[in-house]
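Structure first, then comments.
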Amino acid sequence: MKQCKEWLNENRFIILGFLIPFFVWIFLCIIMCITPFGPYSLLISDLEAGHIDALTKLRDIVLEGKSLAYCWGQIQGSTPFAGLGLGTLISTFNFIIFFVEKDQILSALTWIIILRIGCCGATCAFYLKKTFKRNDISISIFAWCYALMAYAVIYYFHIIWLDQIMMLPLVLYGVEKILKNKKNYLYFTITLTLIFFMNFYMAYMTGVFAFLYFVYRYLAVEKEYLLKDFIGKLGTFLVSPILALGCSSVLLIPIFNMMPGRDGLFNPDQMAMSLRYEFSGLMSKLCIGSFDTALPGGLPYIYCGLIVVILMFFYFLSYSITYKEKLLTFFLGLFMFLSMTVNPLYVAWHGFKPPVYFEGRFTYIVSFLMIWIAYKGYCVFNTISIRQVHTTFGIIGTAVILLNRQVYSYITDESLLYTVVFIILYYLLIVLVKQKPSYKKQGTLLLALLVGLELGNNAMMSIQTIDKGGQLPLVTKYTSAYNTIKSDVDEIMAMDPGFYRIEKDSERSMNDGFGIGYPSIGHFDTIYNYEVKKTIGDMGVQTGHNWIRYKGSTPITDMLVNIKYTMIQDDTYQSYKNIKEKEFVNYYENPYAVSAGFMIANPINEGIRATNPLTLQETILNEMLGEKDNNYYIPLTPYSVTKENTGKVEREDSTVNQANDEKKGVVTVYYSKDNYADSKINYKLKVGKEGPCYMYVDQINGGKMAIIVNDDKVIPAEFDYGNYVMYLGDFKSGEEVQVTLQLLQPEFAMKNIWFYTLDTKALETTSNVLREQALMITKHSDTELEGKLIVNDIKSYLYTSIPYDKGWTIYVDGKRIETIKVLHGFLGAKISEGKHTIRLVYSPYGFKLGLGISILSGMVIILLFIIKLNKNKKH
């Protein structure tokens, strides 16, 4: 008990560094009725689109024995290991999800976020205590600035980023230990290893800054520069990341083996010299409540408290800090400041690939550096004269006045008012303490109160602004959708225990299959198979920068990716068989489904020329069959085209056709003549053959429109992320169909528009032919498929709906064969004629090598630790 009291007393300000951010966030959740204190959740942005699904998948992996290496919930087969890193597995407090039911996972998520935010404060307080040799409330105050900085508050939805914020002070304390004694590198090595496991992308940023910090602190601290001493400490410093990379090789080597052929690689054009942001714009982000947007065009978040800005001035004004240190600090600060706006530096900090969303991902480092400078300014407060105080606040006040004259929509009257009020309060407090030094203790407590109120107020304003912009969703939005979808897919999979994919026309997120646990193609992830995504997109399925959703699919694309069942709200769907009707959804079986693998005549890795995605699908099927003349899509030529309140102009096409890489034709721009009336283009068609009908619009300017079929069926169309095939409905032979394009924006530009009917009889014949040499699967799991296959001499290539990955091994009759790419990125192999037993086995490529390196590196660290322990015992 005595030792416990002594520990609590010794670490009370570290604990306080944790508690205030912890309770500020609890207060925010209570005020905003966020679960478990109300009906709303924190589930927005990437937390809703990806991280929550990774957590639910992780829960299944641990509690239900699923594979950590591969899953069928996304077209690319991602798991927390393959897609989001082991950070999902070992990140702080994720273990909480193992102790709650699935309907309580959002409450658990709230606690995970709150605890992580609190730990950011604790680690910063620990660093300040150890580095500055202080153990008073001041370390807690500046730890609050770190834990409640704008970056942490706004980017809370990237929960694995919070781990990097938490770990940065610990990593830098490891650097401090090396600077004191080059033999003290094990702590630094261990912290680096942890951040690489948590998230290698953010760990890169932390690691780069750790090196800059090492050089800066060495030059600033050492009174006499000795080359031998510097090289010795630098060598020790560099050994640590090597060992850390070695320990994390079990994760990093498989992930980096996924990178080739995937998007997100370096492009020299993105390093062009330019300024990304105005300097004054960055300064505006130091104000209270200066949240603008997390979307492209937003400015980096560097707010970490007005007191930090004030004390940074004191640091540079103090005579007790050497000019050498000030100069070094100035240049480091200038470099980090320029890194936020000079494009090549900015891109380099982001791994030489600029972010698509969430600007300034490395600026948690900038905020930490500002806090470090400010805390040192606090430590030399006694050396600041009252005149320097007046000067500092005069400069800051002038800057706020000038800022008020600028046009920053996110700097509201409320945020400006709060900023001015807190600046005045800090001014009065500092002047009071300067004039009456005996009030210093009370002044420190009052400073703690003001800082806590300011940071809490900024957090509240930021979260409320996020809520107004995107609306924090109800918990039931997640739980109801999750439970409904899971119930439906469980019912389908109980009816058919085979191996196939399931899709649907409504989604909770693009990662539903991943998070809920059923085979699908939809996915949203930062690491993905670019070739497969492009191939699927070229065939008319809607795709974006790093996602695929089940929109724009046809029976042919469903066949090629092994979608056998769909859950659709409409009463009819692409001539599929309705196997069950429910109140809000119908289950459909794809009668043209073949298998996860079948034999084809051509691997189809060369470019295929086609006028649009539907003719591309037709060409692909013909190549697979080794035939040329099969027609699956019958063109429908409108016999009447009329316009209502719509004008048009034509211009030369300057874009490139994705299918044939050529400039082609002209662009027709339709525009509304009267903005107060509906603008429409009407196409009248006559269906020649019974079957599902499709439309493809080759538009080039994005936006939205409404597709109205026969004046009753409305199909919302969104083109902001590219074009996709639209299913219009099933129609009978000779039926008249009117398709209306209603413009929902001032103008709409398109190069062409096509209408087709699918010849279901021809497709049925083809699917029957492909089934004759399809892989009849007899056994399947997360990482293994096994089945029987018949091969003839005409079709000698195995096509599978599995994206190509070096981790897949194919065995034919027990003998390993070479895998190849088919259809521009899918897994395949060339197989000899005859009857065969086929077995596909997955293990992350490079996993064994990485595991060996990790074990070896871990053994080296243990050995070094034992050697150091023995040396300490001798001394």
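Starting from 1, each residue takes its place in the sequence as its number.
- Other residues, nucleotides and ligands contribute at most 12 non-hydrogen atoms within 6.0 Å of the CG atom of D629.
- Side chain of H158 to main chain of L47: no donor-acceptor pair is present (N/O by atom type, distance under 3.5 Å, no hydrogens or angles).
- With hydrogens and angles disregarded, a donor-acceptor distance shorter than 3.5 Å links the side chain of Y156 to the backbone of L42.
- Under a 3.5 Å cut-off, the side chain of D46 and the backbone N or O of H51 do not form any donor-acceptor pair.
- K689 pairs with exactly one of T760, D759, T757 by the side-chain hydrogen bond (donor to acceptor under 3.5 Å, both in side chains) rule, that one being D759.
- With N701 contributing its side chain and A749 its backbone, the two residues share a donor-acceptor pair below 3.5 Å.
- Using modelled atom types and a 3.5 Å distance limit, the side chains of N602 and E623 yield a donor-acceptor pair.
- Screening V649, I681, L741 for a side chain to side chain contact (heavy atoms under 4.5 Å, CB included) with Y670, the sole residue that qualifies is I681.
- Taking 4.5 Å as the limit, every side-chain heavy atom of P638 sits out of range of all side-chain heavy atoms of K684.
- K533 places a side-chain N or O within donor-acceptor distance of the main-chain N or O of H545, the cut-off being under 3.5 Å.
- A donor atom on one side chain and an acceptor atom on the other are not found under 3.5 Å apart for S284 and S290.
- With a 6.0 Å radius and a threshold of 12 heavy atoms from other residues, nucleotides or ligands, K582 has its NZ atom above the threshold.
- The two residues N710 and E736 make their nearest non-hydrogen contact at OD1-O, 3.9 Å.
- When side chains are defined from C-beta on, S409 does not count as touching D292, because their heavy atoms never get closer than 4.5 Å.
- Proximity of T484 to V585: side-chain heavy atoms (C-beta onward) are nowhere separated by under 4.5 Å.
- Checking each of N612, D538, N622, T554 against Q617 for a side-chain hydrogen bond (donor to acceptor under 3.5 Å, both in side chains) leaves exactly one that passes, namely T554.
- With R549 as the fixed residue, the salt bridge (Lys or Arg N to Asp or Glu O under 4.0 Å) test singles out one of E718, E507, E503: E507.
- Here the side chain of T543 pairs no donor or acceptor atom with the backbone of I548 at under 3.5 angstrom.
- Ring to ring, Y410 and F291 are not that close: their centroids are 6.0 angstrom or more apart.
- For F157 and F358, the distance between ring centers is under 6.0 angstrom.
- Across every non-hydrogen atom of L758 and P555, the tightest pair is CD2-CG, 3.5 Å.
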Scan the side chains in residues 472-480 for donor-acceptor partners under 3.5 Å anywhere in the protein, sequence neighbours excluded, and list what turns up.
residue, atom, partner, partner atom, Å
T479, OG1, V475, O, 3.3

Distance-only donor-acceptor hits, side chain of residues 566-575, under 3.5 Å, sequence neighbours excluded:
residue, atom, partner, partner atom, Å
Y573, OH, Y550, OH, 2.9
Q574, OE1, Y694, OH, 2.7
S575, OG, D730, OD2, 3.0

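- For the residue pair T766 and Y632, a side-chain donor N or O sits within less than 3.5 Å of a side-chain acceptor on the partner.
- For Y588 and Y565, the gap between ring centers reaches or exceeds 6.0 Å.
- By the salt bridge (Lys or Arg N to Asp or Glu O under 4.0 Å) test, R276 pairs with E359, sequence neighbours left out.
- The backbone N or O of Y639 sits nowhere less than 3.5 Å from a side-chain atom of K686 that would complete a donor-acceptor pair.
- Within a 6.0 Å sphere centred on OH of Y40, other residues, nucleotides and ligands contribute 12 heavy atoms or fewer.
- To the nearest 0.5 Å, atoms NZ (K577) and OH (Y587) are separated by 15.5 Å.
- Between the T765 side chain and the K761 main chain, a donor and an acceptor come within less than 3.5 Å of each other.
- The CG atom of N343 sits 9.0 Å away from atom OH of Y346, with the distance rounded to the nearest 0.5 Å.
- The two residues L728 and K713 make their nearest non-hydrogen contact at O-NZ, 3.2 Å.
- Checked by atom type, the side-chain pair D558/Y592 shows no donor-acceptor distance below 3.5 Å.
- To the nearest 0.5 angstrom, R501 atom CZ is 13.5 Å from N590 atom CG.
- Other residues, nucleotides and ligands contribute more than 12 heavy atoms inside 6.0 Å of the CG atom of D674.
- For the pair H824 and N605, the tightest heavy-atom approach, listed with the atom from each and the gap, is CE1-O, 3.0 Å.
- Nearest heavy atoms, A610 versus T615: CB-OG1, 3.6 Å.
- Neither side chain, Y676 nor N645, offers a donor N or O lying under 3.5 Å from an acceptor on the other.
- Note: L614 CG to E618 CD = 9.0 Å, rounded to the nearest 0.5 Å.
- Rounded to the nearest 0.5 angstrom, S520 OG and N511 CG are separated by 8.0 Å.
- Salt bridge K504/D512: present, at least one basic N to carboxylate O contact under 4.0 Å.
- Checked by atom type and distance alone, the side chain of T341 pairs as donor or acceptor with a backbone atom of Y277 at under 3.5 Å.
- Rounding to the nearest 0.5 Å places CD of Q742 at 9.5 Å from OG1 of T646.
- At least one donor-acceptor pair closer than 3.5 Å links the side chain of S733 to the backbone N or O of G688.
- For the residue pair S462 and I154, the shortest heavy atom distance occurs at CB-CG1, 4.2 Å.
- Under the 6.0 Å cut-off for aromatic ring centres, F748 and F719 qualify, their centroids lying closer than that.
- Taking the ring axis of Y683 as reference, the NZ or CZ atom of K643 does not stay both within 45° of it and closer than 6.0 Å to the ring centre.
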